[in-house]
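Taking it in order: structure first as structure tokens, then the write-up.
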Amino acid sequence: MLRFASAATATAYCGAPPAPGALMARWNLDPILIAALLATLAVYIVGATRRQAVGSIPSWRRAAFAGGWTIGAAALVSPLCALSVSLFSARVGQHMILALIAAPLVILGRPGAALAALGPWTLDRLPGGRPLQAACGPASSAAAFAVALWIWHAPGPYDATFASPAVYWLMHLTVFAAALMVWNIMLRTAPESATSALAVGAASTLQMTFLGAIITLTPRLLYAPHALTPYAWGLTQASDQQLGGLIMWVPGCSIFLAVTLATLARAMSERARPNALA
């Protein structure tokens with residue numbers, strides 16, 4: 001295991017494990033990543049500007065997208081990338097930032113409307129003709145998010161992300177895309193969407209709670225790439241693993257729970273309003 005840990009971290013996309021004193025110098029300046037981030041922002045700005053002519057993307061939504069883009073870019077470019085090579089807890093924190101903070105802000109910015117403004121295509125159907133709404137419905141969205149989280153936090157796939165940049169980016173893209181699907185359901189404001197939002201929120205909260213609890217409470221050391229690296233940061237492999245599980249279990253699930261409860265309160269308020277008027 002120790003030999004594997006050393007080899008895995010040496011080939012990680014974010015580089016070798018950083019020394020504590022040198023962490024703040026370890027920014028990820030990958031030109032391909034930076035170009036992709038800037039291109040994404042540029043596409044949104046152009047599309048949102050065109051949509052603004054009909055007032056479909058108000059300024060607060062554009063600000064939400066900008067905030068989500070900034071937070072997501074920071075999670076990938078900042079020294080958190082290098083720290084995630086050393087600490088499992090940092091990798092989990094990176095996932096939570098992307099999936100639970102950046103993703104909902106991006107969805108609030110209505111990126112689909114901005115993209116649709118750039119061309120004559122429609123975004124309501126997949127290439128095979130299947131309605132996009134059916135493919136990204138509540139059940140499939142909740143399932144996709146659960147599958148992505150559980151697969152990439154299983155020891156084998158997790159270890160593989162340290163050996164291959166392609167696998168590393170496959171992890172980030174699938175987790176983030178699944179998170180976008182979930183938040184697209186949970187942040188709908190139409191009254192008829194409340195039931196779906198509640199179901200997706202409850203399912204996501206439960207599965208994240210279960211996964212976080214397993215990672216925290218298991219006596220087995222699960223993640224070989226972190227067999228040695230936490231010690232430089234004053235942690236053992238066990239305590240680093242427990243901290244990562246707790247980050248997913250408590251603050252991570254709290255975000256889903258808070259939004260789910262807010263959705264429930266809104267639904268109850270809207271249901272009570274007709275009775276009050278009667």
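When a residue number appears, it is its place in the shown sequence, counting from 1. FYI, side chains are in, hydrogens and waters are out, and symmetry mates aren't considered; it's all heavy atoms of this structure. This one's a predicted model, so the numbers in the text were calculated from it and none came from an experiment.
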Between [X] and [Y], is there shared hydrophobic-cluster membership here, with clusters defined by ILVMFWY side-chain heavy atoms closer than 4.5 Å?
| X | Y | answer |
| --- | --- | --- |
| L206 | V175 | no |
| L149 | L246 | no |
| F210 | I247 | yes |
| L187 | L261 | no |
| L23 | Y231 | no |

| request: Determine the interplanar angle of the H95 and H153 rings, folded into 0 to 90°, and report it as parallel if under 30°, tilted if 30 to 60°, perpendicular if over 60°. | output: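 Perpendicular.
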State, to 0.1 Å, how close [X] and [Y] come at their nearest heavy-atom pair, and which atoms those are.
| X | Y | answer |
| --- | --- | --- |
| P225 | D159 | CD-OD1, 2.9 Å |
| P138 | I185 | N-CD1, 4.0 Å |
| P17 | S86 | CB-OG, 3.3 Å |
| L80 | A90 | CD1-O, 3.8 Å |
| A142 | A203 | CB-CB, 4.4 Å |
| G109 | Y44 | O-OH, 2.6 Å |

For residues [X] and [Y], determine if any side-chain heavy atom of one lies less than 4.5 Å from a side-chain heavy atom of the other.
| X | Y | answer |
| --- | --- | --- |
| V43 | L118 | yes |
| I151 | M171 | no |
| I45 | W69 | no |
| W150 | I214 | yes |
| M208 | I255 | no |
| L33 | W169 | yes |
| L217 | W249 | yes |
| I57 | F65 | no |

| task | Take L76 and L98 through the side chain to side chain contact (heavy atoms under 4.5 Å, CB included) test and state the conclusion after the steps. | result | CA-CA 9 Å; L76 297 171; L98 290 169; 4.0 Å; yes
Could you give the distance from [atom1] ([X]) to [atom2] ([Y]), rounded to the nearest 0.5 Å?
| X | Y | atom1 | atom2 | value |
| --- | --- | --- | --- | --- |
| L105 | R61 | CG | CZ | 11.5 Å |
| S84 | H226 | OG | NE2 | 7.5 Å |
| S89 | M96 | OG | CE | 12.5 Å |

Would the distance check show the side chain of [X] and the main-chain N or O of [Y] forming a donor-acceptor pair, the cut-off being under 3.5 Å?
| X | Y | answer |
| --- | --- | --- |
| D240 | L87 | no |
| Y158 | F88 | no |
| S164 | T161 | no |
| T263 | A194 | no |
| Q237 | Y223 | yes |
| S204 | V200 | yes |
| T174 | L170 | yes |
| Q241 | L222 | yes |
| R26 | A16 | yes |

| task | Please confirm whether F145 and W183 have ring centers closer than 6.0 angstrom. | result |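 Between F145 and W183, the centre distance exceeds or equals 6.0 Å.
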| Is atom CD1 of I32 surrounded by more than 12 heavy atoms (other residues, nucleotides or ligands) closer than 6.0 Å? |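 Open.
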| request: Any chance you could lay out the side chain to side chain contact (heavy atoms under 4.5 Å, CB included) test for L257 and T209, step after step, and finish with the verdict? | output: CA-CA 10 Å; L257 182 60; T209 298; over 6 Å; no
| query | Passes side chain to side chain contact (heavy atoms under 4.5 Å, CB included), I215 versus L211? Steps please. | reply | CA-CA 6 Å; I215 294 172; L211 178 58; 4.0 Å; yes
| Checking R91 against F162: charged group under 6.0 Å from the ring centre and within 45 degrees of the axis? |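 Positive - R91 is close enough to the ring of F162 and near enough to its axis.
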